[in-house]
Amino acid sequence: MAKYAIRRLLALLPVFLVVTVIVFLLIHLVPGDPIDNLMRSGSDPAQRDALSRAYGLDRSLVEQYLAWMGHLVRGDLGTAIVQRRPVAELIGENIGYSLALGGLALAFSAIVGIVAGVTAASFQDRVADRALMSLALVGSTVPSFWLGLLMILFFAVQLGWVPVSGARHWTSVILPATTVGLAGMALVARVTRIAMIETARQDFVTLLHAKGVSRFTIQTRHLLRHALVPVLTLLSLRIGLIVGGSVTVEYVFARPGLGSLLIRAIGQRDYPVIQGSLLMLAIAVMLGTLVGDLLQAAMDPRQREDDRS
Amino acid sequence: MTPILSVENLGHTFPGPAGWFGARKRFRAVGEVDFELHPGEILGVVGESGCGKSTLARLIMRLYEPTDGTIRFEGTDITHLSRRALQPLRRRFQMVFQDPYSSIDPRQTIAEALTEPFEVQGVGLSAAARRAEIERLLALVALDPAMAGSHPHHLSGGQKQRVGIARALALGPRLIAFDEPTASLDVSVQAQVVELLLRLRRELDLTYLFISHDLALVDYLCDRVMVMYLGRVVEILPRGAPPRHPYTQALLAAAFAPDPKVRRHIVRITGEIPSGYDVPTGCAFAARCPLVEDTCRAIRPALVGDGHHAVACHLAPPIASES
Amino acid sequence: MLTVDDLEIGFSTLHPLAGVDFSVARGEILGLVGESGSGKSMTAMSVMGLLPLIGGRVTRGSIRFEGEELTTLDEARYRRLRGGRIALITQNPMTSLDPMVRVGPQIDQGARLHLGLDARAARIRTVELMARMRIPDAARVYDLHPHQLSGGLRQRIVIAMALAGDPELLIADEPTTALDVIVQAQIVQLLVELVRERDLALMLITHDMGLVAQACDRVAVMYSGRIVESGPVAAIFEDPRHPYTRALIGCIPRPGMAEGTLAGIPGTVPSIADLPSGCRFHPRCPMAVAACRDRVPQTVAVAADHGVACLLAGAASGDAP
Amino acid sequence: MIARLVDRLMWRGPRPGIAPIVAGAALLCLVAAAFLSPWIAPWPYDQQMLAEADRAPSLAHWFGTDEFGRDVLSRVLFGARTSLSVALVSISVSCSLGMAIGAICGYVGGPVDRWVMAAIDMTWCFPEILLALLLVAILGPGSTSTVLAIAIAYLAQFTRLTRSQIRALKRETFVEASLCFGAGPAHILLRRLLPNAVAPVVVVAMLTTGDAILLEATLGFFGMGAQPPTPSWGGMMSSGSELLFEAPWVILWPGAAIAASVIAINLFGDGVLVALDVKKRRRTH
């Protein structure tokens, strides 16, 4: 298992490098002079030269990339143009909020999704199944920003249960986390349900019944365990859904976080901040996928062997 | 008489799963196969799963590229002929597959499946000729001509297999390879198909390579039987001849005779077939052979014998002249 | 020990089984033989009480095990019977084991449920059982996952699993079909030994007349959801009375048979949605008369312990065409 | 790095009944409405009537008016054109490109396949919305960025799906049979493999169109989608969110339009999947 984990981690390195190349190339792909993109217009030539040297823009792309990577591994992500502060500092201030939101949303999707999926599978094709699956359909199709706004209107404005926006009080995370988690929950519920149903048709489940194991034990111990594998695959593949959803929802609820930071930076064309926050979000997706893969391998012995051949 | 098919030292190694720069592990599926097939003959190939019998058929049909040896069809070396050069020859050798359920494209009608060979070969047929051809082929395999318009999922397994046979007959071949054509059919249907194959051979003057795991069936149908184990031929014996190789003997002993008076319950062979990734250096059967000696583990026995009966075993009694 | 009488089962409006009668005694191997679609596996599921799993139910008749009626048994008591006194062996060793659980504990489960053993005792018993199945190095194999084992070993594990609860009746549904010839023989040999050694009753479901000839004491031949003939194995092979049994035996190639003598049976097994009237074999039967289309034949005894469900059974004896 | 794509084909729900038919009819209406919007919209989408700004729904303006006094109903109808065309164009591009790459990779196999697939899998590191934001950062806001972002974001999905279909079909016996007659790669790929692979990919493309509509709307909501004065559902909500408390109907209607169309697409797509599955089962048994 440890060997598998290390192999997985090593396999991630080239991906990480490609991601850094893409993020690095960002300022060069933007139409116009990179210098113009790195500073406010109207600055004097001396400043331009200084910046040009600082970024090594007079050197070749490869050298520039290596220099940029050199800074990156030391935790230097450059300086924000608008706020004139190190990007790393800005990210540090925001990352906690994003982690809290993402983590809660993930937990919400997984727990509620699995419970809903198991319930639906147990009542296959009956009213409870139809109701839950319709709800799941709605959950995965309603635009999250719209839902967020409606929830603000209802829970924050009409009922006044939670703050409208911001992140000053802990209750402020409830609505955003629910909004983000709902889409994930819907997917988890659908996959759990179908995995339970498909597994129940397999020969070894017939044999479990034939051994005299009770239906309840089969459902909760054996089938659920099998259903969790595709659920983990889904969650690790669609971790982007949570990360991406957080970006949107942070913006809707005016919550601090990497997503708000990124969107504001795009609006202000603040490229160092865009680079930094994009990189962090991409890393979050990569790590999420890795954790999902490892959990899957821990559960399913076949998985560990599959990738070796 | 010139053999219709002659195979010399034929071998095939599958590349393992694709790596980043090509294949890594290699899988030895077939090695050092030598035999000749004479016009009008039915040669059976038997062995357990993974013995390379299906691979052998696909090599001869040039569905796989042989890695060693030569294949001669009617005297022509076809081992490495290009697809275009092979195209006209393909009319003369064809194959029928095991799984009738997937051997016809589900989107085709029976008529389309039957005329696909002409289309691929670039034989232009007028509408009337096409209809006549379809009727002729369906009649050959004793199917109702009204079936031409149906899709394969409307047919039973036995009917689909008949369509597969008719399709193989479309271009007028001389040699047909059958890969377990009755393995997924019920015995009552199998018997019909087997009788059909015998009738077709008589009427159309065909030669068969018949692959099966069913010893009794092969014994009924074939003139000679080739026994394979781990990609090698261990014995080629005429119909009804007593087996000499310990593996052939074991296979025969393990087959269930449909007669309660002949009961055999002594299975001396233990274990299962090893993987083709690591073929032993000596005799492939050494690990499971009840008679095994040190020589067997060290040296691979060659296939020796006269034109009728040949055995690859150090310990097999010398072949008495059979005639 | 097990007596099935006039069993009929239903799936919504369809009745894939109707009029299934047979019995198995202690120490006996009964072969339940038939082609695909004859209802063999359905019969096994009925005896195991697992029909609801596939959406069916018993609509008529009785299944008695040691005098106890099973068709009306409540689920909790049935569950104690399943895996305890009646055990099942399934066809495909590749899919019959839970791929995510080590094989040892899968065997343990039966002993723990039905014999009340604790984990340690169950483990010891399981390793012994595995060794009895001639699994080499049983203590090590105990901790392996199914995908690490060959087909033959997996089937031995499935058999061990069935024996874990110390059953009296074993139902084996095509236990060797997915295996190679030599392994098949090994497994059958093992099953026969176990029956003799433990005085079990074995219901062996198969399509292979060869296997029946080699392993069984008595045979019940099924066609389209009915038992058409049953009797001692020697009688069935030497003096088959039902035209279907005779045709089936004629389909098997034997050494020394001349070309063109393999008969085959014209037509195909009817689908359960569209069953013929009267005797279900009459559209394919070479001897059918008008009455066969109208009357459902009752089982009549033609000899001691030899029953045939054919209207012509009395008239036609072994020398008929 | 991504072990395997969870097959969208697996997500069959309960037996659908008539829902797919209703959903299909709703989709037809939606497309018709988008197409006919210049003729059926009660007001021009850009006609400002500042005197009637922020009016609640009334007989004159069924869906109310926005902060410039523009008719919300008319803008929702015109917005349907933008949203649907962006989604359809981007998914068509993504799907056809993905099918081409996937078919070739699946057919050829080997190292080519591994390298191309690894490159395509890289896109998983950037979830749709991040990819879209990245492109907007490079190309600036507008429909082009949106189309490109959606096309790239779903490319991996279509490639993987087509590839796995082709790989599975390649093992089917009927392909070997065609090879036996001497069929070349063109015949195999175009006559045997692709026709059998197309149906599920097209259904998934349809389902993904729903996701594309959502993504287009999200970008619009950030003010990065179709630029004013072109009406789009997301764009309407972007400006409407500032008046959330005063004029909630401005965001209510476009949001409902998005939700309704995405739900209809999903219901219809699920229905088609079930139908395909039933057909397939009938064929294989």
Side-chain angles (χ1 to χ4, degrees), chain B residues 42 46-51 142 155-159 184-199 201-202 213-221 239-240 247 250-275 288, chain C residues 34-38 134 136 150-153 176 179-190 192-193 207-217 219 232-238 244 247-269 284:
Chain B
I42 303 184
V46 291
E48 297 174 282
S49 52
C51 74
L155 272 58
S156 72
Q159 289 170 331
S184 44
L185 305 177
D186 274 319
V187 275
S188 62
V189 182
Q190 164 176 296
Q192 296 169 25
V193 171
V194 165
E195 290 305 326
L196 172 71
L197 294 184
L198 285 170
R199 197 194 82 216
R201 175 178 72 148
R202 260 195 328 269
H213 66 276
D214 185 340
L215 285 167
L217 182 64
V218 163
D219 189 64
Y220 174 73
L221 190 69
R239 179 182 188 185
Y247 178 65
L251 270 184
L252 213 58
F256 302 126
D259 185 348
K261 280 181 296 189
V262 194
R263 284 205 174 178
R264 281 177 297 234
H265 277 318
I266 308 103
V267 186
R268 290 151 77 202
I269 309 299
T270 54
E272 289 173 57
I273 308 168
S275 142
R288 299 170 71 195
Chain C
E35 296 182 278
S36 49
S38 61
R134 300 215 191 85
S150 67
L153 277 182
T176 62
L179 304 172
D180 270 318
V181 187
I182 293 182
V183 183
Q184 263 188 17
Q186 292 166 353
I187 295 290
V188 170
Q189 193 176 338
L190 178 66
V192 173
E193 275 171 27
H207 68 276
D208 184 346
M209 288 300 268
L211 173 57
V212 171
Q214 291 299 310
C216 301
D217 303 314
V219 189
V233 66
I236 296 291
F237 276 86
E238 276 150 39
Y244 177 67
L248 199 58
I249 292 172
C251 287
I252 311 162
R254 301 155 189 266
M257 259 171 114
E259 188 178 316
T261 49
L262 216 50
I265 306 175
T268 46
V269 177
R284 305 175 69 191

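All chains are named by letter (A, B, ...) in the order of the sequence lines, taking the proteins before the strands, and each is independently numbered beginning at 1. Remember, it's a predicted structure, so these values are computed and weren't measured experimentally.
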State, to 0.1 Å, how close B:Ala216 and C:Pro253 come at their nearest heavy-atom pair, and which atoms those are. CB-O, 3.6 Å
B:Asp219 portion near chain C, given a 4.5 angstrom heavy-atom threshold: side chain
Here the pair of heavy atoms bringing C:Asp180 nearest to B:Ser49 is OD2-OG, 2.6 Å
Under 4.5 Å from any heavy atom of chain B - which part of C:Glu193: neither
Atom CD1 of C:Ile182 and atom OH of B:Tyr247: how far apart are they, to the nearest 0.5 Å? 5.0 Å
Contact origin within B:Glu48 toward chain C - heavy atom pairs under 4.5 Å: both
Please round to the nearest 0.5 Å and tell me the distance separating atom OH of B:Tyr220 and atom CG of C:Leu262. 4.5 Å
Between C:Glu35 (side chain only) and B:Ser188 (backbone N and O only), is there a donor and an acceptor less than 3.5 Å apart? yes
B:Leu217, B:Val193, B:Leu215: which one forms the most heavy-atom pairs within less than 4.5 Å of chain C? B:Leu217
Atom pair OG1 (C:Thr268) and CG (B:Leu155), whose distance is rounded to the nearest 0.5 Å: 10.5 Å
C:Leu211 versus chain B, heavy atoms under 4.5 Å apart: side chain, backbone, both or neither? both
In terms of heavy-atom contacts, C:Gln214 and B:Ala257 come closest through NE2-O, 3.0 Å
Can you see which heavy atom on C:Ala213 is nearest to which on B:Pro258, and at what distance? CB-C, 3.7 Å
With a 4.5 angstrom heavy-atom cut-off, is it the side chain or the backbone of C:Arg284 that approaches chain B, or both, or neither? side chain
Heavy-atom proximity to chain C below 4.5 Å, by part of B:Val187: both
Heavy-atom contact with chain C under 4.5 Å, split by part of B:Arg199: neither
